[in-house]
Engineer: 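One structure, as structure tokens, below. Some questions next.
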Amino acid sequence: MMQVAASIPVIWNLSIRGSSSKVQILNSKHRKSHAIHCLRSEGNEEFENSQDNIGPSSSVIKEAKHKDIWNLFKEAQQNILFLNKQRVAAFEELEKVKKEKDELLERINQLETESQIVIKKDKSSLFWELLLRIDSMVINGLIGIEEASSMRKLVREHEVNISEFPLDVLQQGDAEVLAELRRFPTEGKRNGLHVIHICTEMAPLVSVGPLASYITGLSCALQEKGYLVEVILPKYSTLDLDEVEGLREIEADAYSYFNGQLHANRIWNGVVSGIGVTLIQPLYYVSMFTRDRVYGYPDDVDRFAYFSRASLDYIAKSGKQPDVLHIHNWQTAIVGPLFWDVFVNQGLEGTRVILTCQDFDSKCLVPPEKLELCGLDPASLHRVDRLQDNINPKVVNILKGGIVYSNKVVIMPSSHSEARKLPHKSIPGLEQTLAFHKEKLFFAPFGLDYSTWDPSRDVYLPENYSVEDIRGKSICKAELQRQLDLVEDSSTTIVGCIFSEISDVDLESLKSLVRSTKTNDVQFVIMLTNEDQMIIKKLETFPDKIEGDNVKVVTEHKQGFSHLIFAGSDIMLCLSFDDPVLQVPLKALRYGTIPVELNRKTTGFSDSTFGNMSLGQALDLIKNPNLWNLKIMEAMEKDLCCDIHVSAYTSIKNL
């Protein structure tokens, strides 16, 4: 009996693990009951004695139960923690997948947007690559000038469908490209003049002065009108070639005449801002364009005479037959006499020459013998009606030669030039020449930098707008009123006025004009762009003398605030339409604001949309919303600089 009782605790002390613990406890209970039953059958005394022995084991059983329950709880808690960790990990993984999906969708949308830009860009690049490959074919002797002319015409006529040209063929040689071009259909679609700029700057490749942005802006604007425009530049060592798309060297060297000999040039082709560009690199006179600066050297006349002659030799050799050669300033003005004395009979009989003058510089005065360098005859050109300088008869004036030998001349006031307007300001040495050739002259405003002054992407405006959607202009108007503490009323007309300097006469005229139109439905915003303390003091008392809350004067320089004035104003008072520095009239038109001249007078280039309108007439016009909006949209689409050049090009088409 004692052996049985002694064996019971051994059974109770069996370790309990996992789901089998309940079974083990039940087995322990069963064995204990069986043992007690056996003891009872032996007698009460012995049973009681045995119970005394079993008694201490009950507490062990109870303790074991608690221990088993605690172990189960701990195990369950661990399982719950494990499941929670798994759930968190799964949730994090799900979030990660979701984020990757969103990023993928965003990237797909971005790629789709970029692909549209690339398609457009590739189309332009392909168009120019084909045209420039034709140049290479001629120089390499694959085709003659006549077939090259037909090929160029074919590519131009099929610009819209040019994307059909197999791209893999372009990676092959000129012969394969030629074979594919010969398979093109012959129907034509494109009309427009072919213009070649021979110049010394082009943004963003090389930019020193206003010429660079003018070349790029005008070229892009002309191509949008259906013109074919390309640019020839020297290959300066300082060029930003990263801006050239598809830069390619023509395998054969092109030769040009200079100083009694023929010299080899390396020719490079590419595309910049959708414009075909040719770069000329001298191989013998290497140092001409491998310097730190573009201008400012004693041999500048020699350098640019070489480039001008090389450009014409390249055009003639490649079989190009442009409608217009557009030359710029004195640096390439020598192209004029070179063209008519040397090249006109080399397949260029239908070509005409236009000169743009932005800077009337005296650096172009040289001894007549210098003309021999590029193949001109000094004896025939050193005459008063040709290149002989009007002041110093011993020298020749290259810029004068450009004026004399060009079919048309576009005068552009430069922001860096004192000659802002003709004929009111004289140009030393050229007055007589310009007067004699006055029928050739066109006067153009200096072109705007549309990367900065464009309401559709102006970063200083609270809401952008364009001619297609002009609603943002009203938001700009409300913001201008809010910032200047003017009554916010969309029906109120805002008249802006921005200037850098003002005479006492103009200031009195401005005060008189404001007083005469002093009504509750007109607000005036006047801004001074410099820090002239004398003018500031005069302007600070301006509102008090007018005695009105509808006049605000801005004398503190706030970055971009002039942009908001152009956008928020309905009418812009201009001290003069001849404004090459601030360009207030051009900016006003671009931002859908009517320019009105403070003191009305005849100008060299007034806007035909609004003519020489007075402030009173403009205020009357704004009362007719339909006509007003029509005029505003017409004005925003204008590019006066480009339009005047188109007129100049068109005028020589039939010469």
Engineer: Hey, does the side chain of N140 reach the backbone of L142 with a donor-acceptor pair shorter than 3.5 angstrom?
Structural biologist: no
Engineer: Examine the side chains of N390 and T433 and answer whether a donor and an acceptor come within less than 3.5 Å of each other.
Structural biologist: yes
Engineer: Are L355 and N329 packed together at the side-chain level, in the sense that at least one heavy-atom pair is separated by less than 4.5 angstrom?
Structural biologist: no
Engineer: What I want to check is whether the side chains of H328 and E201 have a donor and an acceptor closer together than 3.5 Å.
Structural biologist: no
Engineer: Taking C-beta and beyond as the side chain, do V244 and V277 meet within less than 4.5 Å on heavy atoms?
Structural biologist: no
Engineer: For I280, is there any backbone N or O sitting under 3.5 Å from a side-chain donor or acceptor partner on N265?
Structural biologist: no
Engineer: Would you confirm whether D389, through its side chain, and I391, through its main-chain N or O, come within 3.5 Å as a donor-acceptor pair?
Structural biologist: yes
Engineer: Examine the side chains of D323 and Y227 and answer whether a donor and an acceptor come within less than 3.5 Å of each other.
Structural biologist: no
Engineer: Treating K317 as the side-chain partner and Y255 as the backbone partner, does any N or O pair qualify as donor plus acceptor under 3.5 Å?
Structural biologist: no
Engineer: Going by an N to O cut-off under 4.0 Å, is there a salt bridge joining R386 and D377?
Structural biologist: no
Engineer: Does R303 use its side chain to pair, donor to acceptor, with the backbone of V294 at less than 3.5 Å?
Structural biologist: yes
Engineer: Under a 4.0 Å N-O cut-off, is there an ion pair linking E129 with R248?
Structural biologist: no
Engineer: Grab the two heavy atoms, one from C641 and one from Y214, that are nearest each other, plus how far apart they are.
Structural biologist: SG-CE1, 4.2 Å
Engineer: What is the minimum heavy-atom distance between A333 and L399, and which atoms define it?
Structural biologist: CB-CA, 4.1 Å
Engineer: Does some side-chain heavy atom of C357 sit less than 4.5 Å from a side-chain heavy atom of V409?
Structural biologist: yes
Engineer: Answer yes if the side chains of Q321 and S149 hold a donor-acceptor pair under 3.5 Å, and no otherwise.
Structural biologist: yes
Engineer: What's the spacing between I198 CD1 and F339 CZ if we round to 0.5 Å?
Structural biologist: 9.5 Å
Engineer: Examine distances only and state if a side-chain atom of N464 and a backbone atom of D458 form a donor-acceptor pair shorter than 3.5 Å.
Structural biologist: yes
Engineer: Centre-to-centre under 6.0 Å for Y285 and Y306, is that the case here?
Structural biologist: yes
Engineer: Looking at E249, I'd like to know if its CD atom is crowded, meaning that more than 12 non-hydrogen atoms belonging to other residues, nucleotides or ligands lie closer than 6.0 Å.
Structural biologist: yes
Engineer: Is E146 atom CD crowded by more than 12 heavy atoms from other residues, nucleotides or ligands, each under 6.0 Å away?
Structural biologist: no
Engineer: Are Y295 and T200 close enough that a side-chain donor and a side-chain acceptor fall under 3.5 Å?
Structural biologist: yes
Engineer: How many angstroms lie between atom CG of L205 and atom CD1 of I215, to the nearest 0.5 angstrom?
Structural biologist: 12.0 Å
Engineer: For A648, is there any backbone N or O sitting under 3.5 Å from a side-chain donor or acceptor partner on S651?
Structural biologist: yes
Engineer: Determine yes or no for a side-chain-to-main-chain donor-acceptor pair under 3.5 angstrom, with S308 supplying the side chain and I334 the backbone.
Structural biologist: no
Engineer: Which distance, rounded to the nearest 0.5 Å, do you find between the CD of E243 and the CE of M202?
Structural biologist: 10.5 Å
Engineer: Within 45° of the axis and under 6.0 Å from the centre of the six-membered ring of Y297, does NZ or CZ of R293 qualify?
Structural biologist: yes
Engineer: With ring centroids as reference points, do H263 and Y257 lie under 6.0 angstrom apart?
Structural biologist: no
Engineer: Would you check if V301 and C364 make a side-chain contact, meaning some heavy-atom pair closer than 4.5 Å?
Structural biologist: no
Engineer: Please answer whether the main-chain N or O of D299 pairs with a side-chain N or O of D302 as donor and acceptor at a distance below 3.5 Å.
Structural biologist: no
Engineer: Treating K408 as the side-chain partner and I652 as the backbone partner, does any N or O pair qualify as donor plus acceptor under 3.5 Å?
Structural biologist: no
Engineer: How long is the straight-line distance from OG of S311 back to NE2 of H197, given to the nearest 0.5 Å?
Structural biologist: 13.0 Å
Engineer: Please assess D385 against V404 for the test side-chain contact (heavy atoms from CB on, under 4.5 Å), listing each intermediate value before the final yes or no.
Structural biologist: CA-CA 8 Å; D385 60 335; V404 171; over 6 Å; no
Engineer: Between the side chains of T593 and K473, is a donor N or O closer than 3.5 angstrom to an acceptor N or O?
Structural biologist: yes
Engineer: Could I get the full list of side-chain contact (heavy atoms from CB on, under 4.5 Å) partners for E224, not counting sequence neighbours?
Structural biologist: none
